[in-house]
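Note sheet for the following structure.
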Amino acid sequence: MASEIRFEPGLYRGTAEYYDRFRLPYPDTMIADLARRAAPSGQGRLLDLACGTGQLTFPLRNRFAEVWSADAEPGMTEVVRAKAKASGAAHIRTVTIGAEDLHAEPGGFELIVIGNAFHRLPRALVAQRAHGWLKPGGCLALCWSTSPWTGPRNWQRALDGLLRRWQNALDASGRVPAGWDQARKQDPDHDVLSRAGFEPAGLHEFSVEHHWTIRELAGYIRSTSFLPPPVLAEHAAEFDADLAAELGSHAADDRLTETVGYAYRLARKPGLT
């Protein structure tokens, strides 16, 4: 069993506006598939842990009588609260707290979702607590998507190189702990969930073609923990110019095409539904 990697708090401070505008939504097909497999009653409660600005909260909200959206970053929950009020979703409750510090009654949720964040949490502790918070037969869904700089296209490799250069130049390379991905490979999520008492319910994958503009990519990068606005600071305009120069030759009609991969790993708490 690998030791857990610790991410420092506050890495997403200042990102909420960009996170909400430039992070891609989970595809409708994935949301519908998750809802079909988790089979909420319509009268139960959803918990969106490390909720960001509600990328899972809002597409799932109408399938539950009550929704808890929890995130350690106040800017994120402020956005969720404002969006819930604007859409008349009075049943969405925001909680500004880290996943490992949340207190909830045992057996109080039908579904718990974690989007693009399980690797940043103390996985064993969160899995154990999530198991206790779920009703028997309830599900935990670990959801994620690929990042624009991780794909095989030439522009994606160029983007990856540019981001590494800027992280080094701004002394930001240490914001993401070294070896976090190796620790997860040594102790995979499905093993962490199994030790917490969950039964596997499958890995479900989807893909969507997306066309980025360079401006949208600049916004997306500001939503990350490694080059957020407080890190770019007075270098923001210079970064944008470098990004445009690096990617401009790859853009066709000002568009950069990516096949975005989405997936969720579903695990079920044993018991009658």
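Note that the structure is predicted; figures quoted are calculated from it, not measured.
A side-chain donor-acceptor contact under 3.5 Å links Lys269 to the backbone of His131. Arg153 places a side-chain N or O within 3.5 Å of a backbone atom of Thr257 that can act as its donor or acceptor partner. A donor-acceptor pair is defined here as one N or O able to donate and one able to accept, closer than 3.5 Å; such a pair exists between the side chain of Asp48 and the backbone of Thr57. Checking side-chain atoms of Arg255 against main-chain N and O of His211 turns up no donor-acceptor pair under 3.5 Å. Side-chain atoms of Arg123 never come within 3.5 Å of backbone atoms of His119 as a donor-acceptor pair (strictly under, hydrogens ignored). In terms of modelled atom types and a separation under 3.5 Å, the side chain of Gln186 and the main chain of Ala183 share no donor-acceptor contact. Judged purely by atom type and a 3.5 angstrom limit, Asn168 uses its side chain to pair as donor or acceptor with the backbone of Arg164. A donor-acceptor pair under 3.5 Å is absent between the side-chain atoms of Arg36 and the main chain of Asp33, judged by distance alone. No donor-acceptor pair under 3.5 Å is formed between the side chain of Thr96 and the backbone N or O of Ala72. Between the side chain of Tyr262 and the backbone N or O of Pro25, at least one donor-acceptor pair lies under 3.5 Å.
Contact detail for Ile214 and Ala244: the closest heavy-atom pair is CG2-CA, 4.0 Å. The two atoms that bring Gln43 and Ala65 nearest to each other are O-CB, 3.6 Å, heavy atoms only. Minimum heavy-atom separation, Ser69 to Ile92: OG-CG2, 3.9 Å. Residue Pro148 comes nearest to Glu258 through the heavy atom pair CA-OE2, 3.6 Å, listed as atom of the first residue, atom of the second, then distance. Taking both residues in full, the closest heavy atoms of Thr146 and Thr259 are given as OG1-O, 4.4 Å, listed atom of the first, atom of the second, then distance. Minimum heavy-atom separation, Asp242 to Trp166: OD2-NE1, 2.7 Å.
By the criterion of side-chain heavy atoms lying less than 4.5 angstrom apart, applied directly or through intervening Ile, Leu, Val, Met, Phe, Trp or Tyr residues, Leu56 is not grouped with Ile112; the two fall into different hydrophobic clusters. Hydrophobic clustering, with ILVMFWY side chains joined whenever heavy atoms are under 4.5 angstrom apart, groups Tyr264 together with Tyr26. Under the 4.5 Å side-chain heavy-atom criterion for ILVMFWY residues, a single connected hydrophobic cluster contains both Leu159 and Phe239. Residues Val126 and Ile97 share a single hydrophobic cluster, defined by chaining ILVMFWY side chains whose heavy atoms lie under 4.5 Å apart.
Distance OG/Ser223 to CD1/Ile221: 8.5 Å, rounded to 0.5 Å. Atom-to-atom distance recorded for Thr94:OG1 and Arg81:CZ is 3.5 Å, nearest 0.5 angstrom. To the nearest 0.5 Å, atom NE2 of residue His235 and atom CG of residue Asp240 are 13.0 Å apart. Atom OG1 of residue Thr224 and atom CG of residue Leu11 lie 10.0 Å apart, to the nearest 0.5 angstrom. Taking CG of Leu247 as the start and CG of Leu162 as the end, the distance is 7.0 Å to the nearest 0.5 Å. Remark: Leu140 CG to Phe118 CZ distance equals 7.0 Å, nearest 0.5 Å.
Atom CG of Asp28 sits in a sparse spot, with 12 or fewer heavy atoms from other residues, nucleotides or ligands closer than 6.0 Å.
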*For the pair Glu110 and Ser41, evaluate side-chain hydrogen bond (donor to acceptor under 3.5 Å, both in side chains) and give the outcome as yes or no after the intermediate values.*
CA-CA 8 Å; Glu110 287 188 341; Ser41 67; 2.6 Å; yes

*Asp160 and Trp155: side chain to side chain contact (heavy atoms under 4.5 Å, CB included), yes or no, with the steps?*
CA-CA 9 Å; Asp160 182 58; Trp155 73 264; over 6 Å; no

*Begin with the C-alpha distance, continue with both residues' side-chain angles, and end with the deciding distance and a verdict on side chain to side chain contact (heavy atoms under 4.5 Å, CB included) for Leu227 and Gln167.*
CA-CA 7 Å; Leu227 285 177; Gln167 287 175 73; 4.2 Å; yes

*asked:* Applying ring-ring contact (aromatic ring centres under 6.0 Å, His included) to Trp149 and Phe226, what does each step give before you reach the verdict?
replied: CA-CA 13 Å; Trp149 51 86; Phe226 56 85; 5.4 Å; yes

_Applying side-chain hydrogen bond (donor to acceptor under 3.5 Å, both in side chains) to Ser145 and Asn116, what does each step give before you reach the verdict?_
CA-CA 7 Å; Ser145 58; Asn116 276 321; 3.2 Å; yes

*Could you check Tyr220 against Arg215 for side-chain hydrogen bond (donor to acceptor under 3.5 Å, both in side chains), going step by step and ending with a plain yes or no?*
CA-CA 9 Å; Tyr220 184 103; Arg215 177 180 172 276; over 6 Å; no

*Passes salt bridge (charged side-chain N to carboxylate O under 4.0 Å, His left out), Glu246 versus Arg165? Steps please.*
CA-CA 12 Å; Glu246 186 73 37; Arg165 292 197 304 274; 3.3 Å; yes

_As a quick check of understanding, evaluate side chain to side chain contact (heavy atoms under 4.5 Å, CB included) for Leu134 and Phe198, giving each step before the final call._
CA-CA 11 Å; Leu134 283 167; Phe198 284 98; 3.5 Å; yes

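Leu111 has its side chain out of reach of Pro40: every pair of non-hydrogen atoms, C-beta onward, lies at least 4.5 Å apart. Leu256 places a side-chain heavy atom less than 4.5 Å from the side chain of His250. The side-chain heavy atoms of Cys143 and Ile114, taken from C-beta on, include no pair separated by under 4.5 Å. Using a 4.5 Å heavy-atom threshold, the side chains of Asp20 and Lys83 count as touching. Counting heavy atoms from C-beta on, the side chains of Trp133 and Pro106 never come closer than 4.5 Å. In this structure the side chain of Met30 never reaches within 4.5 angstrom of the side chain of His204, judged on heavy atoms. Side-chain contact check for Thr15 versus Met76: some heavy-atom pair is nearer than 4.5 Å.
Of the charged side-chain nitrogens involved, at least one lies within less than 4.0 Å of a carboxylate oxygen, so that Arg195 and Asp187 count as a salt-bridged pair. Between Glu105 and Arg45, at least one side-chain nitrogen of the basic residue sits less than 4.0 Å from a carboxylate oxygen of the acidic one, meeting the salt-bridge criterion. A salt bridge does not link Arg184 with Asp191: every distance from a Lys NZ or Arg NE/NH1/NH2 to an Asp or Glu carboxylate oxygen is 4.0 Å or more.
The distance between the ring centers of His91 and Phe64 does not fall below 6.0 angstrom. Taking the six-membered ring wherever Trp is involved, the centroid distance between the rings of Trp212 and His210 falls below 6.0 Å. Taking the six-membered ring for Trp and the full ring otherwise, Trp68 and Phe109 have centroids separated by under 6.0 Å.
If you check the side chains of Arg175 and Ser225, you find no donor sitting under 3.5 Å from an acceptor. In summary, the side chains of Gln55 and Thr53 do present a donor paired with an acceptor at a separation below 3.5 Å, with no hydrogens or angles considered. Judged purely by distance below 3.5 Å, without hydrogens or angles, the side chains of Asp254 and Thr213 never pair a donor atom with an acceptor atom.
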